Amino acid sequence: HSKMNYETFRKDFYIEPAELRDMTNDQVDLLRVELDGIKIRGVDCPKPIQKWTHCGLPVGCLEIIRKLKFDKPTSIQAQAIPAIMHGRDVIGVAKTGSGKTIAFLLPMFRHIKDQRPLEMGEGPMAIIMTPTRELATQIHRECKPFLKVLGLRAVCAYGGSPIKDQIADLKRGAEIIVCTPGRMIDLLCANSGRVTNLARVTYMVLDEADRMFDMGFEPQVMKIVNNVRPNRQTVLFSATFPRQMEALARKVLKKPLEITVGGRSVVCSDVEQIVEVREDATKFMRLLEILGQFYNDEDDDARVLIFVDRQEAADNLLRDLIRKGYVCQSLHGGKDQVDRDSTIADFKSGATNILIATSVAARGLDVKQLKLVVNYECPNHMEDYVHRVGRTGRAGNKGTAYTFITPTQERYAMDICKALKLVVKSGQERFAGSGFGGKGLERFDKDRDMVK
Ligand code: ADP
Ligand code: MG
């Protein structure tokens, strides 16, 4: 870095609006409680904004936001946007579906628009890293309506599809690159470094950081991070912020503000969560019952996502459901990208309404009409449970989640209880079925008492 001739750049654009200036500290505390319990670690955090007009967005963005019918900022957006606009490094932790993408995109646009335009051969000003192709594509799509009005370009780069198309895209020039870490490194190395470079990167996003580290991308992420100028602005967003990630965050972010919304990881209270204790042999019949009832109550457009543990299990269940006359598809790591893409596209368009998936394959899936999640096989830790159940109840829609747990899976029950507990207050949880006896039940009761 000492040999590089980096240009200076600005990162603080925030001017506190008059409406917020007069708020007392008590009023701000109260507002944070009302905004799903925003908690802050770190000093000098700006007050949360309440309206889009409060954050000094670049010209044209407000109109797009209005067209998208985003009436007001979500809780994480209300606090993270002014913090990032103020030039701070930010750790934003909020459940899936809470609008984290927009929280890092809008300040990014402001940041980029402040800089000297890209010249031929120059690399991007902003890098967004995310663990999967599906997530990268989703972020890229969410950028699109803004790019046009702002006159910016974004390239989406991920593994498992031909690198030459992505190279061509990059060579045409792009202010923003949305990528998976592995493919980003490939692109940086391609053609002995002539395809793209990090010299102009001043804004860096690590999205779904918990998943990124779950999936073992830390070495690739660090390699990229260490090659970006040290005084860049860095933001990290995640549904959870496990202890192990703190060390990494310290290496990557400078004096970050840690903004947490609604506890460390919670299921949205718009999801009704039902847990049933049952033997494997009774699961299929019960699933048919649930599906029958569901399509009786809901319109045909409603989507169902069924989780299993392994590829073979997905394909077996697929075969059984097709035999019963259900139109469905399966999604798992054993399928190639093209196959997975078309499966997701079919599920989004409603060509197939039932999808059987493994956790990893369905990561980040965002489909508004998804009304029912069935954990046909029980997730084995809380984060996975929260992630799976979080595929429904997106952006304020109602959803239902069933979880089947066998009597021998008692060890997983506590983690699910933990997740249920976090929404107990709103009275959404219900425990059905039988056989949840012995120690497990006792412990569950104790847990429940602790909550009250
Ligand atoms: P997360 O990354 O927190 O899981 P996303 O950024 O994917 O959540 O957002 C979930 C959904 O909410 C998306 O469909 C997005 O378009 C929508 N959304 C984002 N911000 C708002 C807002 N302020 N009002 C309404 N919907 C929003
Ligand atoms: Mg996200």
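Source: prediction; values computed, not measured. The figures here come from the full heavy-atom set of this structure, side chains too, leaving out hydrogens, waters and symmetry mates. In each ligand, atom 1 is the first atom listed, and ligand 1 is the first ligand listed.
For Lys255, the NZ atom sits in a loose shell: 12 or fewer heavy atoms of surrounding residues, nucleotides or ligands are nearer than 6.0 Å.
Contact atoms of ligand 1 toward Ser98: 1 (P), 3 (O), 8 (O) (distance under 4.0 Å to a heavy atom of the residue). Of all atoms in ligand 1, numbered sequentially from 1 with element shown, those under 4.0 Å from a heavy atom of Thr101 are 2 (O), 5 (P), 6 (O), 7 (O). Against a heavy-atom cut-off of under 4.0 Å, Thr74 is close to the following atoms of ligand 1: 21 (C), 22 (C), 23 (N). If you number the atoms of ligand 1 from 1 as listed, the ones under 4.0 Å from a heavy atom of Thr96 come out as 4 (O).
Salt bridge absent: Glu258 and Lys39 never bring a charged side-chain N and a carboxylate O closer than 4.0 Å. Using a cut-off of 4.0 Å between Lys/Arg side-chain N and Asp/Glu carboxylate O, Glu175 and Lys113 are scored as not salt-bridged. With respect to Asp309 and Arg388, a salt bridge is recorded, a charged nitrogen being found less than 4.0 Å from a carboxylate O.
Of the inter-residue distances, the one linking Phe109 atom CZ with Ile64 atom CD1 reads 9.5 Å to the nearest 0.5 angstrom. Between the CG atom in Leu331 and the CG atom in Asp346 there is a gap of 11.0 Å [rounded to 0.5 Å].
Side chain of Gln77 to backbone of Thr74: a donor-acceptor contact under 3.5 angstrom is found.
Ring pair Phe9/His111 is tilted by interplanar angle, where 30° to 60° counts as tilted.
Under a 4.0 Å heavy-atom criterion, Lys95 is in contact with ligand 1. Under a 4.0 Å heavy-atom criterion, Ala94 is not in contact with ligand 1. Within the 4.0 Å heavy-atom shell around ligand 1 one finds Lys72. Distances from ligand 1 to the non-hydrogen atoms of Glu142 include at least one value under 4.0 Å.
In this structure, of Gly99, Gly92, Gly97, Ser238, the residue bringing a heavy atom nearest to atom 4 (O) of ligand 1 is Gly97.
The shortest N/O to N/O separation between Asp366 and ligand 1 falls below 3.5 Å. Residue contacts with ligand 1: Lys100 is placed with a nitrogen or oxygen under 3.5 Å of a nitrogen or oxygen of the ligand (distance criterion only).
Residue Trp52 touches ligand 1 through its side chain alone, judged by heavy-atom distances below 4.0 Å.
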